[in-house]
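One structure, pasted below without further comment.
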Amino acid sequence: MDPMDLLPPALRDLSRSATQAVLPYEESLAAIEIFERSRYAVCHWEPCDEPRAEGEIQRRSGEPWADYVHRCAESVRRALHASAMASGRSEAHGGGSTWYRLAVRVPTGSAGIR
């Protein structure tokens, strides 16, 4: 299933991209929660106004898919919060306008979701 199909219509319509979740801070957090519950890994993020060359979060050898999904979600939530706090625009406190691009890794077959 396409990750965007997991999002409710309000988030899909708000996204600046039809193929990727590109959302403001609070909506990005909501999308991360939805992806995590659906067992899709948010393995990379970046603020749209200042793209970063950080790599995606890799799955560890032998790591169960559910653990990888949870580790990705926790890491991306912490990073988004730190980015929001550092931006000086106070997204983390209900204001600001930074939009974030979320890259989602889709589980593939039974091997991908162990």
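Below, all heavy atoms of this structure are taken into account, side chains as well, without hydrogens, waters or symmetry copies.
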Counting only N and O atoms by type, is there a donor-acceptor contact under 3.5 Å from the side chain of E33 to the main-chain atoms of A30?
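It does not hold such a pair.
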To the nearest 0.5 Å, tell me how far Q58 CD sits from C72 SG.
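Going from CD on Q58 over to SG on C72, the span is 9.0 Å.
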Give the minimum heavy-atom separation between P64 and R59, together with the two atoms involved.
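The pair with the smallest heavy-atom distance is C-NH2, 3.8 Å.
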Please find the pair of heavy atoms, one from S17 and one from M4, that lie closest to each other, and give the distance.
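Heavy-atom minimum between the residues: O-CE, 3.7 Å.
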Pairwise side-chain contact, M1 with L6, heavy-atom cut-off 4.5 Å (strictly under)
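Yes - at least one pair of side-chain heavy atoms lies under 4.5 Å apart.
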Is any side-chain heavy atom of P24 closer than 4.5 Å to a side-chain heavy atom of T98?
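Heavy-atom side-chain distance check fails, nothing below 4.5 Å.
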What residues, two or more places apart in sequence or in another chain, satisfy side chain to side chain donor-acceptor pair (under 3.5 Å) together with E74?
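Once residues adjacent in sequence are excluded, the partners of E74 under the side chain to side chain donor-acceptor pair (under 3.5 Å) criterion are R77.
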What is the distance from atom CG of L29 to atom CG of L23, rounded to the nearest 0.5 Å?
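These two atoms lie 10.0 Å from each other.
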Less than 4.5 Å apart, any side-chain heavy atom of L102 and any of S28?
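With C-beta onward as the side chain, the pair touches.
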Measuring only between side-chain heavy atoms, which start at C-beta, is P3 closer than 4.5 Å to F35?
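SC-SC contact between P3 and F35 confirmed.
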Provide the closest heavy-atom pair for W45 versus A79 in the form atom of the first, atom of the second, distance.
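Closest pair (atom of W45, atom of A79, distance): NE1-CB, 3.3 Å.
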Mind checking what makes salt bridge (charged side-chain N to carboxylate O under 4.0 Å, His left out) contact with R16, not counting sequence neighbours?
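Counting only residues at least two positions away or on another chain, R16 forms no salt bridge (charged side-chain N to carboxylate O under 4.0 Å, His left out).
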Contact summary for V22 and S15, nearest pair of heavy atoms:
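Nearest heavy atoms, V22 then S15: N-OG, 3.0 Å.
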To check you understand the geometry: which heavy-atom pair defines the closest contact between W99 and L14, and what is its length?
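Heavy atoms of W99 and L14 come nearest at CZ3-O, 3.4 Å.
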With the side chain counted from C-beta on, respond yes when S83 and Y25 share a heavy-atom pair under 4.5 Å apart, and no when they do not.
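No, every pair of side-chain atoms sits at 4.5 Å or beyond.
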Contact between Y40 and I34 at the side-chain level, heavy atoms closer than 4.5 Å - yes or no?
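Not in contact.
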Work out which heavy atom in V76 is nearest to a heavy atom in V42; give both atom names and the distance.
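Closest heavy-atom pair between V76 and V42: CG2-O, 3.4 Å.
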List the residues meeting salt bridge (charged side-chain N to carboxylate O under 4.0 Å, His left out) with R12, not counting sequence neighbours, and say none if there are none.
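Expected list: none.
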R71 and R60: side-chain contact (heavy atoms from CB on, under 4.5 Å), yes or no, with the steps?
CA-CA 10 Å; R71 184 169 59 86; R60 297 175 182 143; 3.4 Å; yes
Judged by atom type as modelled, is there a donor-acceptor pair below 3.5 Å linking the side chain of Y100 to the main-chain atoms of E27?
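Side chain of Y100 to backbone of E27: no pair is present.
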